[in-house]
Amino acid sequence: MDFSEARPAVGVGRRIYIETYGCQMNVVDSETVMAIMAAEGFGRAEGVGDADVVLLNTCSIREGAEQRIWHRLDELAALKKRRRSGMVLGIIGCMAERLAEQIVAERPVVDVVAGPDSYRSLPMLVGEAVAGARGVNVELSKEETYAEISPVRLDASGVSAFVAIMRGCNNFCSYCVVPYTRGRERSRDPETILREVRELFDAGYREVTLLGQNVNSYNYELPVHVNFPELMRRVAAISPQLRVRFATSHPKDISDELLEVIAASPNICRAIHLPAQSGSSRVLAAMNRKYTREWYLERIAAIRRLVPDCAISTDIIAGFCGETPEDHAETLSLMREVGYEFAFMFKYSEREGTPAAREMADDVPEEVKTARLTEIIALQNELSLESNRRDVGREFEILVEGFSKRSQEKVFGRTSQNKVVVIPARSAHAAADHRPGDYVRVRITDCSSATLQGEQIV
Ligand code: 5AD
Ligand code: SF4
């Protein structure tokens with residue numbers, strides 16, 4: 001079938017719903033897909049129930065993530081069978097990239113399979129599916145950055161948005177599947193980034209998070225060279241009323257130049273997510289992280305020196321190949337030494353095709369991984385609580401994001417350090433309730449390990 005003429009109509013009268021799993025990059029990718037589909041006439045469904053097209057945007061980072069998606073796929077397959085009107089079911093994202101053949105062979109119910117670099121072909125693939133054929137495209141690209149596409153923002157807060165500035169990863173940490181599912185690193189044209197951020201600010205957004213798998217290796221060569229510190233400087237200059245965050249940084253690229261830009265820009269948030277993964281230099285070498293414990297701690301010292309009020313968070317993997325009790329103890333001591341504000345903590349999960357899976361034995365028994373992870377989580381809870389206690393009595397400016405889950409009488413916002421603060425929706429000083437997008441000066445009155453309580457000050 002020739003779609004060159006039929007294509008513009010493919011979406012008209014059809015509604016699409018995207019269910020997103022995994023990282024923040026997937027959130028932006030879903031928003032980008034929505035923009036691509038909207039340009040072809042597709043409307044937006046409220047949920048699976050009123051959708052003609054359902055896409056699962058998937059994650060492969062750990063075995064558990066994939067299992068959850070297989071399970072969801074079976075639920076949707078049952079739903080599709082019950083429906084008389086038909087439904088196009090698609091798998092997109094990292095799992096589509098990694099397991100395209102298996103999905104096609106084992107799940108005839110799936111009509112569309114598209115990897116992270118082939119979203120521009122989705123209208124055509126869905127069109128083929130509507131016509132009764134299966135559409136598959138999992139080609140990776142060296143150039144695709146979806147640079148000029150303005151994502152359709154799917155979460156309704158209207159305050160904070162993610163902006164993808166680079167894609168892919170060249171680091172090949174030995175445990176990680178990302179370089180294979182998302183391909184090589186490439187940076188997006190800075191002009192398109194600045195235009196998108198300006199549009200967001202004009203639409204009322206007050207915070208952007210610049211995203212990349214390895215965001216601080218951002219590097220755009222032509223016509224003029226723009227590196228990550230320079231990009232940050234330009235984004236921060238858009239407005240002092242716009243908060244700028246970035247994630248995720250690789251420790252090898254957290255340069256003094258970047259820290260100096262942060263120090264000089266009050267609207268660049270005082271929060272750096274700097275995954276250590278392990279505190280043992282021996283394990284870090286096996287992980288191919290390209291730094292040692294000492295080198296990492298030197299970078300932490302540089303952050304403390306140049307941006308003294310900066311919160312630091314991390315990712316930790318428990319039970320990597322060959323990890324001894326001594327290595328694990330070094331991870332705990334690193335966490336204490338840094339005093340992380342926050343951490344994402346995982347058990348090592350072997351991923352087929354990675355160097356660790358090919359060359360190393362996944363030899364830490366499951367119950368040992370669990371025990372180590374439990375210790376890591378308990379320690380982080382202590383560290384988070386200590387950090388929050390230090391904030392009690394201090395003053396911060398928060399950006400209000402919405403109403404508290406527990407009570408309509410309270411709103412929540414974040415400090416520059418990315419900590420959540422809950423305050424009364426109306427205070428004695430204010431004529432009206434605080435609204436999402438408002439900046440409010442607060443004093444912290446109380447805390448738990450997860451949140452701070454505060455009150456407005458003038
Ligand atoms: N097993 C466990 N955790 C992993 N991560 C990446 N790959 C794996 C894996 N195979 C973690 C790392 C990374 C975060 C996004 O996910 O900590 O920083
Ligand atoms: Fe994976 Fe390492 Fe790249 Fe992060 S930097 S995406 S952990 S390979």
Side-chain angles (χ1 to χ4, degrees), residues 7-8 10-11 16 18-42 44 53 55-59 90-97 112-127 135-155 160-170 178-200 203 205 208-215 217-222 226 228 231 234-235 246-248:
R7 259 188 65 190
V10 70
I16 176 169
I18 310 176
E19 215 166 86
T20 307
Y21 295 82
C23 64
Q24 297 163 332
M25 188 60 89
N26 262 9
V27 173
V28 186
D29 279 359
S30 291
E31 295 177 335
T32 303
V33 167
M34 197 53 98
I36 291 169
M37 300 307 272
E40 297 290 339
F42 285 90
R44 186 171 153 190
V53 180
L55 301 179
L56 296 187
N57 190 0
T58 60
C59 172
I91 303 290
I92 65 174
C94 287
M95 206 173 147
E97 189 66 47
V112 170
V113 180
D117 286 344
S118 39
Y119 296 152
R120 285 183 206 264
S121 66
L122 267 174
M124 189 190 75
L125 298 175
V126 170
V136 179
N137 184 353
V138 289
E139 204 160 317
L140 287 174
S141 153
K142 290 206 176 76
E143 288 97 34
E144 180 63 272
T145 58
Y146 304 107
E148 81 298 349
I149 297 174
S150 291
V152 172
R153 301 299 167 182
L154 294 173
D155 101 283
S160 184
F162 297 125
V163 175
I165 65 159
M166 49 101 63
R167 298 179 73 81
C169 183
N170 287 353
V178 167
Y180 311 95
T181 61
R182 286 187 168 271
R184 291 295 64 71
E185 198 170 288
R186 66 221 98 121
S187 295
R188 176 179 170 191
D189 180 344
E191 290 308 321
T192 67
I193 297 168
L194 292 166
R195 192 183 324 129
E196 185 179 331
V197 175
R198 271 189 222 108
E199 282 169 9
L200 285 165
Y205 282 82
V208 292
T209 304
L210 306 187
L211 282 187
Q213 251 71 42
N214 184 8
V215 74
S217 75
Y218 176 91
N219 199 40
Y220 198 82
E221 296 288 349
L222 293 169
V226 177
F228 187 61
L231 181 73
R234 293 188 191 185
V235 172
F246 58 101
T248 289

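Here the structure is a predicted model, which is why all the values come from computation and not from measurement. Numbers here are sequence positions counted from 1.
Taking both residues in full, the closest heavy atoms of E143 and S141 are given as N-OG, 2.8 Å, listed atom of the first, atom of the second, then distance. Counting all heavy atoms, side chain and backbone alike, P116 lies closest to G93 at CD-O, 3.7 Å. Scanning both residues, Q213 and C169, for their nearest heavy atoms gives CB-CB, 4.1 Å. When all heavy atoms are compared, the tightest approach of N137 to S118 is O-OG, 2.7 Å. Taking each heavy atom of A147 and R120 in turn, the nearest pair found is N-NH2, 4.2 Å. Considering every non-hydrogen atom in both A164 and M25, the closest pair reads CB-SD, 3.9 Å.
Sparse packing is recorded around CD of E139, with 12 or fewer heavy atoms of other residues, nucleotides or ligands lying under 6.0 Å away.
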Would F246 and F228 count as a ring pair (Phe, Tyr, Trp, His ring centres under 6.0 Å) if you check the C-alpha gap in whole Å, the side-chain angles of each, and the deciding distance to 0.1 Å? CA-CA 10 Å; F246 58 101; F228 187 61; 5.5 Å; yes
Begin from the C-alpha positions of N57 and V33 and carry the test side chain to side chain contact (heavy atoms under 4.5 Å, CB included) through to its verdict. CA-CA 10 Å; N57 190 0; V33 167; 5.8 Å; no
D29 vs R167, side chain to side chain contact (heavy atoms under 4.5 Å, CB included): CA-CA, chis, key distance, verdict: CA-CA 10 Å; D29 279 359; R167 298 179 73 81; 2.8 Å; yes
Go through the steps for R182 and E97 under the test side chain to side chain contact (heavy atoms under 4.5 Å, CB included), then give the verdict. CA-CA 8 Å; R182 286 187 168 271; E97 189 66 47; over 6 Å; no
Mind running side chain to side chain contact (heavy atoms under 4.5 Å, CB included) on L194 and V235 for me, showing each step along the way? CA-CA 6 Å; L194 292 166; V235 172; 3.8 Å; yes
I would like to know whether S150 and E199 meet side chain to side chain donor-acceptor pair (under 3.5 Å); could you show each step before the answer? CA-CA 9 Å; S150 291; E199 282 169 9; 3.2 Å; yes
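Going from atom CE of M166 over to atom CD1 of I193 covers 10.0 Å, rounded to the nearest 0.5 Å. S187 contributes atom OG, which lies 9.0 Å from atom CG of L231 (distance to the nearest 0.5 angstrom). Interatomic distance, I92 CD1 to L55 CG, rounded to the nearest 0.5 Å: 5.0 Å. The distance from the CG atom of L122 to the OG1 atom of T32 is 11.0 Å, given to the nearest 0.5 Å. Rounded to the nearest 0.5 angstrom, L211 CG and F162 CZ are separated by 6.0 Å. Taken to the nearest 0.5 Å, the CE atom of M37 stands 12.0 Å off from the OG atom of S30.
R153 and E196 are joined by a salt bridge, as a carboxylate oxygen and a charged side-chain nitrogen come within less than 4.0 angstrom of each other. D117 and R184 are not joined by a salt bridge, as no carboxylate oxygen comes within less than 4.0 angstrom of a charged side-chain nitrogen.
One side chain, E185 or S217, offers a donor N or O that lies under 3.5 Å from an acceptor on the other. Side-chain contact, E144 with Y146: no donor N or O sits under 3.5 Å from an acceptor N or O.
When side chains are defined from C-beta on, E191 does not count as touching V226, because their heavy atoms never get closer than 4.5 Å. Between I16 and V126 there is no side-chain heavy-atom pair separated by less than 4.5 Å. In this structure, the side chains of F42 and I36 stay at 4.5 Å or more apart for every pair of heavy atoms. Counting only heavy atoms from C-beta outward, the side chains of M95 and L56 never approach each other to under 4.5 Å.
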